[in-house]
Number of protein chains: 2
Amino acid sequence: MLRLKTTDADFATRFARLVKDRRESDENVSRDVQTIIEDVRLRGDEALAEYTQRFDGHLPQGDGWRIDAATCREAFDALAPDLRAALELAAQRIRTYHEAQLPQDRDYTDAAGVRLGAKWRAVDGAGLYVPGGRAAYPSSLLMNAIPAKVAGVGRLVVTTPTPKGEINPLVLAAAHLAGVDEVWRVGGAQAVAALAYGTKTMRPVDVITGPGNAWVAEAKRQLYGVVGIDMVAGPSEILVIADAKNDPQWIAADLLSQAEHDPAAQAILITNDAAFADQVIDMVGVEIALLPTARVAKASWETHGTVIVVESLDEAPALANALAAEHVEIATDDPDALFAQIRHAGSVFLGRMTPEAIGDYVAGPNHVLPTGRRARFSSGLSVLDFMKRTSFIAVSDASIGAVGPAAIALADAEGLAAHARSIELRLGI
Amino acid sequence: MLRLKTTDADFATRFARLVKDRRESDENVSRDVQTIIEDVRLRGDEALAEYTQRFDGHLPQGDGWRIDAATCREAFDALAPDLRAALELAAQRIRTYHEAQLPQDRDYTDAAGVRLGAKWRAVDGAGLYVPGGRAAYPSSLLMNAIPAKVAGVGRLVVTTPTPKGEINPLVLAAAHLAGVDEVWRVGGAQAVAALAYGTKTMRPVDVITGPGNAWVAEAKRQLYGVVGIDMVAGPSEILVIADAKNDPQWIAADLLSQAEHDPAAQAILITNDAAFADQVIDMVGVEIALLPTARVAKASWETHGTVIVVESLDEAPALANALAAEHVEIATDDPDALFAQIRHAGSVFLGRMTPEAIGDYVAGPNHVLPTGRRARFSSGLSVLDFMKRTSFIAVSDASIGAVGPAAIALADAEGLAAHARSIELRLGI
């Protein structure tokens with residue numbers, strides 16, 4: 001755990017190091033992934049079968065590659081009532097929040113008489129990668145699938161590895177609830193390649209989203225351009241800005257809620273009270289001991305956990321903007337005052353009663369958010385990731401005179417004679 | 001030139017081949033680009049100087065790396081009056097169209113008493129790559145720079161190679177008009193790397209847009225994730241859907257206006273009249289002979305030009321959707337009827353008086369559009385490429401009871417104990 005004070009002589013240097021700290025795997029999977037992608041592209045189902053047997057230790061036959069809708073419905077029907085109600089509440093709140101993101105089409109004629117506009121359309125097909133085993137989160141399935149369905153995607157395909165044939169029933173239940181169209185038992189870079197290029201049995205999709213390990217993330221990165229992808233994702237992170245009026249135990253739990261995800265996750269506290277900082281650090285120790293996820297949380301906190309003591313919380317927004325964290329909690333009496341100065345953050349949690357975990361499940365906004373300082377330039381997942389815009393232009397006999405000559409002048413200046421010619425002919429020049 | 005008829009026995013096979021045809025360079029620049037990026041990241045200005053001397057044949061000294069604002073203003077002031085007026089009209093129309101793209105923030109409290117919303121913010125800095133030499137288009141500078149400025153980007157940096165020191169004054173004039181903040185004399189993958197990582201003299205940016213050769217495109221692709229990028233761009237393409245009532249000469253000029261960009265560009269005509277198809281093909285021959293760009297246009301038309309004769313134009317939208325072309329012209333009496341069925345296109349040009357070239361310069365919508373079938377999942381450049389969204393959530397003492405228990409149930413089901421704990425503590429559980 002790193003402890004910094006803005007009044008320390010070397011604060012600037014040490015904070016700069018914190019900002020530059022890369023927690024992402026340097027594991028060199030690039031070449032392996034390239035081989036797998038090329039193999040699936042050329043040999044299709046045959047390659048899928050070989051990699052599935054090798055990496056997942058089982059080999060589905062025929063229809064066994066698909067998990068059918070009835071199986072998903074059965075998993076949903078078998079849920080304990082409180083869990084089923086929780087999933088339904090989450091789905092309904094996510095749906096409502098994302099429905100309001102649907103963009104407006106435009107169609108108008110301007111003063112020059114030129115008709116202009118843009119139409120938004122959903123992609124035809126979207127693929128959603130769902131990790132197998134421990135990281136197979138039904139909440140994550142809802143957060144990816146519901147925006148796709150709200151966008152109007154006609155065909156939503158889930159791929160998920162089922163190591164030794166094992167299936168996570170919660171994920172199937174969520175797939176039923178979200179209206180997923182196809183579920184395939186295939187994972188890894190080979191699943192991403194199959195989604196991008198298609199095989200004899202699996203039709204390709206246009207956009208691939210969803211979390212995964214280093215192989216999956218690298219496959220998405222390499223296939224960006226062949227398909228659309230949501231983002232390049234890294235380990236989770238939280239920045240908590242808190243004054244001394246908070247309960248240190250609450251803040252400790254909030255920090256640990258990200259630390260428990262991944263040894264490479266990062267939890268950072270900024271506070272204006274050194275004694276409060278000590279109390280939180282103590283409570284982190286107490287709370288870790290209670291967690292079944294203690295091993296992961298401890299590794300994250302010891303390696304990446306950071307506490308920064310500032311003279312005044314007014315210093316916090318500048319530090320937050322440099323860190324551009326995925327999650328930012330502002331636990332003060334007037335969180336909006338600080339939020340107004342925060343330009344770069346994936347999602348912000350305002351006030352003492354808004355732990356980040358609420359946003360992971362039931363608040364409504366998406367929990368798929370930019371990590372690793374990417375909030376400087378990218379946004380959480382939204383319906384826009386599953387849609388695209390077609391602009392349009394209609395020039396009339398009356399309006400071509402208003403814009404045509406300027407276009408000819410520019411085409412001539414750029415040496416593009418056929419461009420100019422296509423307008424000159426219409427102007428009778 | 002390829003000629004197809006939908007009634008041909010082998011049409012489906014040949015059309016599928018056309019759809020799959022990759023016109024993008026397979027030139028293996030990946031490793032070279034990786035070396036350059038790593039070199040610039042580690043050695044900064046020193047590496048920039050070496051690559052600039054090697055690839056551009058000159059070595060700026062000190063302030064010579066920058067082209068100052070006065071030089072850009074002089075280039076603008078020196079423009080011929082009609083060209084200056086054309087650039088100003090283009091800039092004004094592009095600005096007006098893009099201003100209406102600015103997204104709305106959201107901030108509301110829902111029925112459960114949870115406050116939710118999203119704030120849009122511009123990125124701090126954007127880098128715009130401008131190719132040197134023949135492909136240095138002032139229109140392209142306006143199409144990239146104006147959306148960035150409309151979005152509210154504080155610092156807009158242009159990098160452009162100046163081979164043997166040669167500068168394109170039209171590009172400088174456009175930079176002045178668009179309000180570009182910095183112009184640097186550096187190009188290639190080394191410029192993209194410098195924009196992404198920064199050097200001692202050049203501060204890094206958050207988003208990089210703009211066209212370039214295979215090295216520049218590959219550098220952007222490799223640096224996606226370190227910075228945001230606009231898209232993976234390929235050679236230009238046009239699909240013209242036209243009935244026999246059009247002047248074949250106009251349609252020939254439209255096809256050639258894309259063919260003249262690049263030997264790898266593609267121009268496709270779909271018509272329901274075989275005799276009209278013959279007339280257009282003849283006129284392409286006549287028109288090519290008149291062009292100073294004949295060599296490029298001829299290479300493109302001969303290798304990639306395609307004419308498809310359909311029984312009825314009702315067949316055209318399905319073909320257009322499969323091709324998902326960058327530019328689609330619909331030259332019929334009722335273009336909206338066909339447009340309503342077109343789901344995948346970068347930009348659509350409606351009616352006989354809307355040649356694509358109008359959209360390249362003065363219509364207002366962006367001319368940076370998805371190529372190579374990427375209109376299936378991506379959109380033309382917009383202000384959104386220079387902005388990002390921060391979602392926010394505020395739960396109150398009163399509303400945590402409405403959403404907290406469901407979040408706990410889901411966190412427990414996912415085995416994330418600290419997530420559950422952070423909510424339980426606040427609920428006094």
Side-chain angles (χ1 to χ4, degrees), chain A residues 82-83 86 89 116 121 123 137 139 206-207 225 228 232 250 253-254 256-257 260 291-293 343 345 347-351 353-355 357-359 361-365 376-380 388-395 397 400 403 406-407 409-410 413-414 417-419 421-423 425, chain B residues 82-83 86 89 116 121 123 137 139 206-207 225 228 232 250 253-254 256-257 260 291-293 343 345 347-351 353-355 357-359 361-365 376-380 388-395 397 400 403 406-407 409-410 413-414 417-419 421-423 425:
Chain A
D82 68 323
L83 193 51
L89 179 71
L116 298 173
R121 290 284 178 272
V123 301
Y137 297 140
S139 62
D206 304 297
V207 166
V232 176
W250 296 13
D254 297 356
L256 290 171
S257 73
E260 75 176 338
L291 296 176
T293 53
R343 295 179 51 78
S347 192
V348 175
F349 302 83
L350 299 165
M353 291 304 267
T354 315
I358 289 282
Y361 295 112
V362 293
R376 289 175 296 125
F377 56 82
S378 73
S379 311
K388 69 269 173 19
R389 189 189 341 94
T390 298
S391 56
F392 60 88
I393 301 166
V395 178
D397 293 3
I400 192 156
V403 292
L410 290 165
E414 293 185 353
H419 284 64
R421 181 92 174 139
S422 70
I423 303 167
L425 288 169
Chain B
D82 67 324
L83 193 52
L89 180 70
L116 298 173
R121 291 282 178 273
V123 302
Y137 298 139
S139 63
D206 304 297
V207 166
V232 176
W250 296 13
D254 297 357
L256 289 171
S257 73
E260 75 176 338
L291 295 176
T293 53
R343 296 178 51 78
S347 193
V348 175
F349 303 83
L350 299 165
M353 290 304 266
T354 315
I358 290 281
Y361 296 112
V362 293
R376 289 174 296 124
F377 56 82
S378 72
S379 311
K388 68 268 173 19
R389 187 188 344 92
T390 297
S391 56
F392 60 89
I393 301 166
V395 179
D397 294 4
I400 193 157
V403 291
L410 291 164
E414 293 185 351
H419 283 65
R421 181 92 174 141
S422 70
I423 304 167
L425 287 169

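Computation of the quantities below employed the complete heavy-atom set of this structure, encompassing side-chain atoms and omitting hydrogens, waters and symmetry-equivalent molecules. Residue numbers start from 1 in every chain, and the chains themselves are labelled A, B, ... in the order their sequence lines are given, proteins ahead of strands.
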> What part of B:Leu89 gets closer than 4.5 Å to chain A, counting heavy atoms only: side chain, backbone, both or neither?
Replying inline: side chain

> Top residue by heavy-atom pair count (under 4.5 Å) with chain A, among B:Leu83, B:Asp206, B:Asp82?
Replying inline: B:Asp206

> What pair of heavy atoms forms the shortest contact from A:Glu414 to B:Tyr361, and how long is it?
Replying inline: OE1-OH, 2.9 Å

>> So for B:Ile400, is it side chain, backbone, both, or neither that comes closer than 4.5 Å to the heavy atoms of chain A?
In response: side chain

> Counting heavy-atom pairs under 4.5 Å to chain A, which of B:Ala406, B:Gly351, B:Ser379 comes out on top?
Replying inline: B:Ser379

> Could you give the distance from CD1 (B:Ile423) to CE (A:Met353), rounded to the nearest 0.5 Å?
Replying inline: 11.0 Å

> Do you know which of A:Ser347, A:Ala413, A:Ala363 has the most heavy-atom pairs with chain B at a distance under 4.5 angstrom?
Replying inline: A:Ser347

>> Could you report the tightest heavy-atom contact between A:Ala357 and B:His419, atom names first, then the distance?
In response: CB-O, 3.5 Å

> For chain B, which of A:Pro355, A:Pro365, A:Ala86 has the most heavy-atom pairs under 4.5 Å?
Replying inline: A:Pro355

>> Under the criterion side-chain contact (heavy atoms from CB on, under 4.5 Å), I'd like the reasoning laid out for A:Ile393 against B:Val348: C-alpha separation, chi angles, the key distance, then a yes or no.
In response: CA-CA 6 Å; A:Ile393 301 166; B:Val348 175; over 6 Å; no

> Among B:Asp254, B:Thr293, B:Leu291, B:Val232, which has the most heavy-atom pairs under 4.5 Å with chain A?
Replying inline: B:Asp254

> Given a strict heavy-atom distance threshold of 4.5 Å, which part of A:Ile358 is in contact with chain B: side chain, backbone, both, or neither?
Replying inline: both

>> I'd like to know if the side chain of B:Ser422 and the backbone of A:Ala253 have a donor-acceptor N/O pair within less than 3.5 Å.
In response: no

>> Which heavy atom of B:Arg343 sits nearest to which heavy atom of A:Lys388, and what is that distance?
In response: O-NZ, 2.7 Å

> For chain A, which of B:Ala407, B:Gly228, B:Ser391, B:Ala394 has the most heavy-atom pairs under 4.5 Å?
Replying inline: B:Ser391

> Of the listed residues (B:Ser139, B:Gly364, B:Pro292), which shares the most heavy-atom pairs with chain A below a 4.5 Å separation?
Replying inline: B:Ser139

>> Heavy-atom cut-off 4.5 Å, strictly under: side chain, backbone, both or neither for A:Ser378 against chain B?
In response: backbone

>> For the backbone of B:Ala418 and the side chain of A:Ser257, can you confirm whether one donor and one acceptor N or O come within less than 3.5 Å of each other?
In response: no

> When heavy-atom pairs shorter than 4.5 Å are enumerated against chain B, which of A:Val403, A:Leu410, A:Leu256, A:Val123 gives the highest number?
Replying inline: A:Leu410

